[in-house]
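In this chain, numbering begins with 1 at the start of the sequence shown. Please read these numbers as outputs of a predicted model, since none were measured by experiment. All values below were derived from every heavy atom in this structure, side-chain atoms included, with hydrogens, water molecules and symmetry-related copies excluded.
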Amino acid sequence: MITLRQIQFALAVARHKHFKRAAEECNISQSALSLGIAEMEKNLGVSIFERNNKQVVVTPIGEELIQRAEKIFLDAQQLVERAHAGQKDLGFGMSIGFIPTIAPFYLPVLLPIVREAYPKFEMNVVEKTSEHLVNMVQTGRLDAAVIALPYDTSSLEVSTIGDENFFILVHEDNSLSKEKKISPAKLKKQPLMLLGDGHCLRDHIMEVCKFQRNTGQDMFRDASLNTLVQLTLNNMGLTLVPEMALSQMSAYPNLKEIPLDAPTPHRTLAIITRPNYPRAADMNLLLDLFKQALIDSKMK
């Protein structure tokens, strides 16, 4: 008899096409994951994956079985969610994702608020890009995720948390440091450092500023936002940060935070869940706390 754990292993391998990365996702050793897959294939009497030293390929029959396995795993997850929905408010934990341009600024404010209101509630935090988080919510690997809009969420339920704007970080020695506001036209004449493709903050900045796709120094395409802040601190260029990050910028007195002169709001924070998510009442309780945390995170 195959187990849900084995199904989880198979789904992870199918996503990553890589046993090591799948094992890391499942928080087990690669040998344990390989053993689980082998036992599953033995019980089914078919090979789900073809392996060699270079790649992992899903077999034709494996493709069909993986599709069925996704539905089984999601149904099992929803069974647990439905059982938890009948318990007391936030009586069971949740796994909630956050994008990298929200997590480091928002969580230090959010988690104390949640813990004060519901001391026994456990929030398992996952930090990934929007693309990964949307997929993880859709497939039942996350209860919910906090992302920034606009983003394609057509297959999910969306609850708005609130809006925020972008600010330009400049070194005090930069010629723009005395400006009250900075327009996108002036930004284009500066050594602008932006996150790389795959980060929705970059996409939102591009949209708000009406920039061309190749705007921004390409050498920093794989950098984190914190790296761009540190480079700005050393007067190597300038970057943009979300409003919730400003409270942490007070640690850098040589940096100036100047509003972006572009139509507002610049982005909207939202919680995404699956349609008909059984713990909607619990999510509504969290939504109120998340809204308060966003307000608090923007207070300097």
Side-chain angles (χ1 to χ4, degrees), residues 1-85 92-100 122-147 151-157 197-200 222 272-279:
M1 180 67 68
I2 64 173
T3 67
L4 282 175
R5 187 66 166 154
Q6 290 170 351
I7 289 176
Q8 181 187 21
F9 295 168
L11 294 177
V13 174
R15 278 191 297 272
H16 294 285
K17 303 296 190 296
H18 197 281
F19 273 68
K20 183 179 179 181
R21 288 195 290 269
E24 290 171 351
E25 178 187 308
C26 297
N27 294 314
I28 59 168
S29 67
Q30 185 174 339
S31 60
L33 180 134
S34 297
L35 179 60
I37 294 293
E39 291 178 349
M40 181 180 183
E41 290 178 324
K42 180 180 178 181
N43 287 329
L44 291 174
V46 297
S47 293
I48 302 174
F49 304 105
E50 295 177 0
R51 310 106 156 134
N52 57 45
N53 293 332
K54 295 183 179 180
Q55 63 181 347
V56 175
V57 177
V58 183
T59 64
I61 185 62
E63 292 281 3
E64 179 182 343
L65 295 177
I66 288 297
Q67 291 181 11
R68 292 176 179 269
E70 287 176 344
K71 184 178 186 306
I72 291 170
F73 191 79
L74 182 57
D75 286 346
Q77 183 66 29
Q78 290 177 331
L79 179 67
V80 174
E81 291 167 355
R82 183 63 190 89
H84 290 176
F92 288 86
M94 288 183 182
S95 294
I96 301 179
F98 296 82
I99 59 176
E122 294 184 2
M123 185 190 301
N124 178 30
V125 172
V126 175
E127 185 176 337
K128 299 280 187 181
T129 61
S130 298
E131 180 182 4
H132 287 95
L133 293 182
V134 167
N135 179 262
M136 292 176 78
V137 172
Q138 290 172 332
T139 57
R141 290 177 287 149
L142 286 176
D143 291 283
V146 177
I147 65 171
Y151 195 83
D152 182 11
T153 57
S154 55
S155 63
L156 297 167
E157 295 290 331
D197 291 338
H199 291 276
C200 60
D222 292 326
I272 56 172
T273 56
R274 291 181 299 283
N276 302 315
Y277 178 64
R279 300 180 66 184

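Once rounded to the nearest 0.5 Å, the distance linking CG of Asn43 with CD1 of Ile2 reads 7.5 Å. Taking CD1 from Ile272 and CG from Asp143, the interatomic distance works out to 12.0 Å, rounded to the nearest 0.5 Å. Going from atom CG of Asn135 over to atom NZ of Lys128 covers 11.0 Å, rounded to the nearest 0.5 Å.
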Donor-acceptor contacts, no H, no angles, side chain residues 55-65, under 3.5 Å, sequence neighbours left out:
{"from": "Thr59", "atom 1": "OG1", "to": "Ser47", "atom 2": "O", "distance (Å)": "2.7"}
{"from": "Thr59", "atom 1": "OG1", "to": "Ile48", "atom 2": "O", "distance (Å)": "3.2"}
{"from": "Thr59", "atom 1": "OG1", "to": "Gly62", "atom 2": "N", "distance (Å)": "2.9"}

Output a table of donor-acceptor pairs, distance under 3.5 Å, between side-chain atoms of residues 10-19 and any protein atom two or more places apart or on a different chain; print 'none' if there are none.
{"from": "Arg15", "atom 1": "NH2", "to": "Glu25", "atom 2": "OE2", "distance (Å)": "2.4"}
{"from": "His16", "atom 1": "NE2", "to": "Glu25", "atom 2": "OE1", "distance (Å)": "2.6"}
{"from": "Lys17", "atom 1": "NZ", "to": "Ala14", "atom 2": "O", "distance (Å)": "2.6"}
{"from": "His18", "atom 1": "ND1", "to": "Lys20", "atom 2": "N", "distance (Å)": "3.3"}
{"from": "His18", "atom 1": "ND1", "to": "Arg21", "atom 2": "N", "distance (Å)": "3.2"}

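The side-chain heavy atoms of Arg279 and Met94, taken from C-beta on, include a pair separated by under 4.5 Å. Between Ile96 and Leu142 there is no side-chain heavy-atom pair separated by less than 4.5 Å. Inter-residue side-chain proximity for Phe9 and Met40 is flagged as unmet; no heavy-atom pair is nearer than 4.5 Å. Side-chain contact check for Met136 versus Val126: some heavy-atom pair is nearer than 4.5 Å.
Residue pairs meeting the salt bridge (Lys or Arg N to Asp or Glu O under 4.0 Å) criterion with at least one partner in residues 31-49, sequence neighbours excluded, are Glu41-Arg51.
Sparse packing is recorded around CD of Glu131, with 12 or fewer heavy atoms of other residues, nucleotides or ligands lying under 6.0 Å away. By the neighbour-count criterion of 12 heavy atoms within 6.0 Å, atom CD of Glu122 is sparsely surrounded, having that number or fewer from other residues, nucleotides or ligands.
Contact record, Pro100 with His199: CG-CE1, 4.5 Å, taken as the closest heavy-atom pair.
In this structure, a donor-acceptor pair under 3.5 Å is present between the side chains of Thr139 and Arg141.
The side-chain hydrogen bond (donor to acceptor under 3.5 Å, both in side chains) test applied to Thr153 returns no partner, not counting sequence neighbours. Residues satisfying the side chain to side chain contact (heavy atoms under 4.5 Å, CB included) criterion with Ala38, sequence neighbours excluded, are absent altogether. Under the side-chain hydrogen bond (donor to acceptor under 3.5 Å, both in side chains) criterion, Asp152 pairs with Ser154, sequence neighbours left out. In this view, Gln138 and Ser155 satisfy the side-chain hydrogen bond (donor to acceptor under 3.5 Å, both in side chains) rule, not counting sequence neighbours. Evaluation of the side-chain hydrogen bond (donor to acceptor under 3.5 Å, both in side chains) rule for Glu157 yields no partner, not counting sequence neighbours.
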Tell me, with the steps shown, if Val125 and Met123 meet side chain to side chain contact (heavy atoms under 4.5 Å, CB included). CA-CA 6 Å; Val125 172; Met123 185 190 301; 4.1 Å; yes
Passes side chain to side chain contact (heavy atoms under 4.5 Å, CB included), Cys26 versus Gln8? Steps please. CA-CA 8 Å; Cys26 297; Gln8 181 187 21; 4.2 Å; yes
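For the side-chain contact (heavy atoms from CB on, under 4.5 Å) with Ile147, the lone residue among Leu156, Thr129, Ile99, Val137 that qualifies is Ile99.
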